[in-house]
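Report on one structure; see the data block that follows.
Chain A is the first sequence line, chain B the second, and so forth, proteins listed ahead of strands; every chain is numbered from 1.
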2 protein chains.
Amino acid sequence: MTTAKSANPIRVLLAEDQTMLRGALAALLDLESDITVIAQATNGSEALKLARLHNPDVIVTDIEMPEKTGLELAADLKLTDSKARVIILTTFARPGYLRRALDNGARGYLLKERPASELAEAIRRVHSGLRAVDPALAVEAWSADEDPLSDRERQILQRAGDGRSSAEIAAELRLSEGTVRNYLSEAIAKLGAANRIDAARIARTRGWL
Amino acid sequence: MTTAKSANPIRVLLAEDQTMLRGALAALLDLESDITVIAQATNGSEALKLARLHNPDVIVTDIEMPEKTGLELAADLKLTDSKARVIILTTFARPGYLRRALDNGARGYLLKERPASELAEAIRRVHSGLRAVDPALAVEAWSADEDPLSDRERQILQRAGDGRSSAEIAAELRLSEGTVRNYLSEAIAKLGAANRIDAARIARTRGWL
DNA sequence: AGCCGGACATGACAAACGTCACAACGCTTT
DNA sequence: AAAGCGTTGTGACGTTTGTCATGTCCGGCT
């Protein structure tokens, strides 16, 4: 049983590392008469290669993937002559992610907790030049705070949240131990956290890490 | 377009909190002539209620869901007179999870990184009385270590990994602060970790938290 | 030229953390 | 009955962490 395609279907590239979801979505999208999935990638780098090769109309991509994230993929595509429009499809309703996605030129931002039917709709909207951003999230993002962390603070907080001690972090980054403690103290204060673990947790849930 | 069902299709209950995946899988499974999805749940408690109501042949469930996890669901079903067979469908290839799943009476354990076609196959196997455990993971689980943590240790390590201080944990659990420190010290030693954060991380990746 | 913010450093102090030894109690297992 | 384990506690000790004041250096903005 093959679904008849219209003369000029929307050509979609799917990038998602979870095979089961990728396969299921590809199958569902292919049931739509005006959409055809021309290629699938399991990470950002592969998606970039396939995008160059096939020149899709729309790229639907997850964020958290090995090799290269969907956000990095969007950024790289902006530097290319690709005319593909990007839709981010992710689990995470983090204002920080949405902001970065839009900054990197994405046209859509859709959550995996939405019904699958919305994906096809988003693809059509984006293909026709419109945007497709989850409305609830868009509102939240508007009122959401900026990332208050400097690069150094983020870098150090990441490692601290992974269980490294101040001394280890200092050695790795060629800093004095006191400096590392200062950065952590700063980060803890900025985030209103009780300690480094709490700070790392908060930063992660906001999409700042 | 409706797919013709055989006379006695396998009646499946799907429990998965991510709507997009749940919808896509339900749609795909319904395309199989010998399988019909009779109900869908977004968390473990709901699944339990629907299982009582509809008496499905097979329950396919995620692990990490709000309200009640898939592992808890499996445990609860064992206490019921339900004859439904449980298949765990999860992102996590953690031996600890697999072990708990089998202890709780699950008949199948499948990873989301496998192709969707394997899910239908697993449903058929399990329905006919066989098991369906991801082969690669089964091997790993065989050589995997037991969870060395006691309930108290696990309970305390969870909170510590969330950024709570020893004093806070002590107050919450009505223990002396010294006792909390002792448990954490024990857990850190057992896991070969450098500190509480490291210990929480290690325990989590092994599926012990 | 002057100002500001980020990166980096030091020293000092209090609080939190991690370790160890020791001890008591109750519940299984042998 | 004895041994073993999990739970709970105390006291003491050294280390790590978090805070603060203070200072230098550099690059960008006005």
Original post:
Does B:R174 or A:E186 map to a spot on DNA chain D nearer the 5' end, using the closest nucleotide for each?
Top reply: B:R174

Original post:
Is any side-chain nitrogen or oxygen of B:S165 closer than 4.0 Å to OP1 or OP2 of C:dA16?
Top reply: no

Original post:
Does a side-chain N-to-carboxylate-O contact under 4.0 Å join A:E32 and A:R124?
Top reply: yes

**OP:** Figure out the CD1/C1' separation between A:I188 and C:dA15, and round it to whole Å.
**Re:** 13 Å

**OP:** Send over the distance from B:L184 CG to D:dT8 P, rounded to a whole Å.
**Re:** 13 Å

Original post:
Whole-Å distance between C:dA16 P and A:R196 CZ?
Top reply: 15 Å

Original post:
Do the side-chain N and O atoms of B:E121 and B:S117 include a donor-acceptor pair separated by under 3.5 angstrom?
Top reply: no

Subject >> Worked verdict on B:L137 versus B:R94 for side-chain contact (heavy atoms from CB on, under 4.5 Å) >> reply: CA-CA 8 Å; B:L137 185 57; B:R94 295 178 183 165; over 6 Å; no

Original post:
Between C:dA16 atom P and A:R181 atom CZ, what is the distance in whole Å?
Top reply: 16 Å

Original post:
Within the distance-only criterion (no hydrogens, no angle test), does the side chain of A:K68 pair as donor or acceptor with the backbone N or O of A:D76 below 3.5 angstrom?
Top reply: no

Original post:
Toward the 5' end of DNA chain D, which comes first, A:A193 or B:S176, by nearest nucleotide?
Top reply: B:S176

Original post:
Does NZ or CZ of B:R100 lie under 6.0 Å from the centre of the six-membered ring of B:Y97, at an angle within 45° of the ring axis?
Top reply: no

Subject >> Any B:S166 side-chain N or O less than 4.0 Å from OP1/OP2 of C:dA16 >> reply: no

Original post:
Taking the side chain from A:R22 and the backbone from A:E16, do they hold a donor-acceptor pair closer than 3.5 Å?
Top reply: yes

Subject >> Ion pair check, A:E153 and A:K190, cut-off under 4.0 Å >> reply: yes

Subject >> Polar side-chain atom of A:T36 near backbone of A:I38 as donor-acceptor pair, under 3.5 Å >> reply: no

Subject >> DNA chain C: 5'-proximal contact among A:L175 and A:K190 (nearest heavy atom) >> reply: A:K190

Subject >> Gap separating the CG atom of A:L14 from the CD1 atom of A:I87, nearest 0.5 angstrom >> reply: 10.0 Å

Original post:
Whole Å only: how far is the CG atom of A:N182 from the C1' atom of C:dA12?
Top reply: 13 Å

**OP:** For DNA chain C, determine which residues of residues 148-159 of chain A have any heavy atom closer than 4.0 angstrom to one of its atoms, and list them numerically.
**Re:** A:S150, A:R152

Original post:
Rounding to a whole Å, what distance do you find between A:E168:CD and D:dT15:P?
Top reply: 17 Å

Original post:
Do the side-chain N or O atoms of B:T179 get closer than 4.0 angstrom to the phosphate oxygens (OP1, OP2) of D:dT10?
Top reply: no

Original post:
Does B:A47 offer a backbone N or O that forms a donor-acceptor pair with the side chain of B:R52 under 3.5 Å?
Top reply: no

Original post:
Does B:S185 put a side-chain nitrogen or oxygen below 4.0 Å from OP1 or OP2 of C:dC17?
Top reply: no

Subject >> Spacing between B:I197 atom CD1 and D:dT17 atom P, to the nearest angstrom >> reply: 8 Å

**OP:** Determine to 10° how strongly the helix from C:dA1-D:dT30 to C:dT30-D:dA1 is bent, judged from the axes of its five-pair ends.
**Re:** 40°

Original post:
Within this structure, what is the CG-to-C1' distance between B:N195 and D:dG14, rounded to whole angstrom?
Top reply: 16 Å

